[in-house]
There are 2 protein chains.
Amino acid sequence: MKLSTKGRYAVMALADIAKFDGERPVSLRDISLRQGISLLYLEQIFSMLKKNQIVTSVRGSNGGYKLTKSPEQIKISNIFSAVQENIKTVGCKKESKKGCNGKSAKCITHNLWDELELHINEFFNKKNLSDLVKGKNENRV
Amino acid sequence: MKLSTKGRYAVMALADIAKFDGERPVSLRDISLRQGISLLYLEQIFSMLKKNQIVTSVRGSNGGYKLTKSPEQIKISNIFSAVQENIKTVGCKKESKKGCNGKSAKCITHNLWDELELHINEFFNKKNLSDLVKGKNENRV
DNA sequence: TATAAACTTGACTATTTTAGTATGGTATAT
DNA sequence: ATATACCATACTAAAATAGTCAAGTTTATA
């Protein structure tokens with residue numbers, strides 16, 4: 001089980017904006033240089049973030065992206081769902097007729113994975129962008 | 001982010017043993033039929049579980065596997081580490097010299113992923129096999 | 001108004017991981 | 001004897017990941 005880069009990069013990039021946000025929007029080029037993420041890949045990610053109203057864009061020279069809300073109001077869970085980084089502990093949920101593993105009933109471990117998902121989602125619901133840029137992280141890149 | 005089948009199947013199979021355990025060891029064939037998991041794949045998984053002393057094997061006709069400890073003593077985290085289902089939220093830990101993304105310092109989101117890992121591991125440390133076979137799950141396959 | 005800097009879109013692809021199969025054994029209870 | 005188990009290594013199809021490539025459009029500013 002591992003987190004994909006899409007989710008991680010999205011959070012990193014938005015944290016970067018939260019940190020360097022001012023009058024001017026933050027350009028993807030700057031984020032790319034500071035965070036070491038491919039510019040082209042960032043463009044893909046920000047396209048999704050924009051569609052989901054996490055950021056707004058300013059076009060043209062000296063343009064870039066701005067957060068639509070304050071960092072406190074942007075939860076990690078919001079970011080993850082925007083870039084479709086979702087927690088899938090078990091693959092048997094869609095086939096409602098057949099249940100887990102093609103058996104008629106739910107598998108013995110079903111509740112366990114449900115609980116785990118709940119746990120993780122709670123964690124991401126409690127954390128927001130400002131948690132990342134304040135405090136201990138101030139000396140980070 | 002999703003759980004691989006290896007970890008899920010290992011837990012399912014062991015829960016199956018915990019449920020049907022008696023005088024005789026439980027055969028992989030039975031587990032395969034009850035849980036709908038490929039026999040050959042189960043063999044691979046059980047090879048790892050045996051190496052890590054989660055189960056012991058009884059060879060020959062009417063042979064099978066038995067848990068080495070009582071279900072209460074077998075934590076989900078033990079099972080996961082045995083089959084190498086590990087939580088990897090971030091890929092930058094190995095390269096201690098370079099830090100995240102090849103930058104000199106830890107990335108701004110590093111603590112977040114660490115916290116998440118801690119959270120998930122705690123969850124798996126608290127849960128054991130007997131949690132799965134007792135109570136609400138009794139009517140499960 | 002030229003143009004560089006920035007965003008937009010869609011298609012494409014190499015690599016890695018996953019989720020198993022296939023093959024060919026060895027051991028032992030009955 | 002032999003069927004029923006376990007053991008080990010190698011192989012592979014399919015999916016996901018982590019991007020790249022190409023070809024634009026838009027707009028601030030010199």
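In the text below, chain A, chain B and the rest are named by the order of the sequence lines, each starting its count at 1. These values consider heavy atoms only, across backbone and side chains, with no hydrogens, waters or symmetry-generated copies. None of these values were measured; they are calculated from a predicted model.
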Does A:Ser47 make a side-chain N or O approach to OP1 or OP2 of C:dC7 shorter than 4.0 Å? no
Under 4.0 Å, heavy atoms only, any strand: does A:Tyr65 hit a base, just the sugar-phosphate, or nothing? sugar-phosphate
Can you tell me if A:Gln73 and A:Ser70 form a side-chain donor-acceptor pair at under 3.5 Å? yes
May I ask you to verify whether the side chain of A:Glu43 and the base of C:dC7 hold a donor-acceptor pair under 3.5 Å? no
Among the nucleotides C:dA19, D:dG19, D:dC6, whichever has the atom closest to the side chain of B:Ser4 is C:dA19
Nearest whole Å is fine: how far is C:dT9 P from A:Ile45 CD1? 16 Å
In this structure, how many angstroms lie between the P atom of D:dA28 and the CZ atom of A:Arg29, rounded? 19 Å
Quick one: on DNA chain C, does A:Gly63 or B:Leu40 contact a more 5' nucleotide (nearest heavy atom)? A:Gly63
Heavy atoms from C-beta onward define the side chain here; which of C:dA5, C:dG20, D:dA16 lies closest to that of B:Lys2? D:dA16
With the side chain defined as heavy atoms from C-beta on, A:Asn62 is closest, among C:dA27, C:dA19, D:dT29, to D:dT29
Side-chain N or O of A:Tyr9 closer than 4.0 Å to phosphate OP1/OP2 of D:dG19: yes
Among D:dA8, C:dC7, C:dA11, the one nearest any side-chain atom of A:Gln44 is C:dA11
Grab the CG-P distance between B:Leu42 and D:dC7 for me, whole Å please. 13 Å
What is the distance, rounded to the nearest whole Å, between atom CG of B:Asp30 and atom C1' of D:dC6? 14 Å
Given D:dC6, D:dG19, D:dA8, identify the nucleotide with an atom nearest to the side chain of A:Tyr41. D:dG19
Where each residue is assigned the nucleotide of DNA chain D containing its nearest heavy atom, which of A:Arg24 and A:Thr5 is assigned the position nearer the 5′ end? A:Thr5
Regarding B:Lys127 and A:Glu115, does a basic nitrogen lie under 4.0 Å from an acidic carboxylate oxygen? yes
Give the rounded distance in Å between these two atoms: CD of A:Gln84 and P of D:dA18. 15 Å
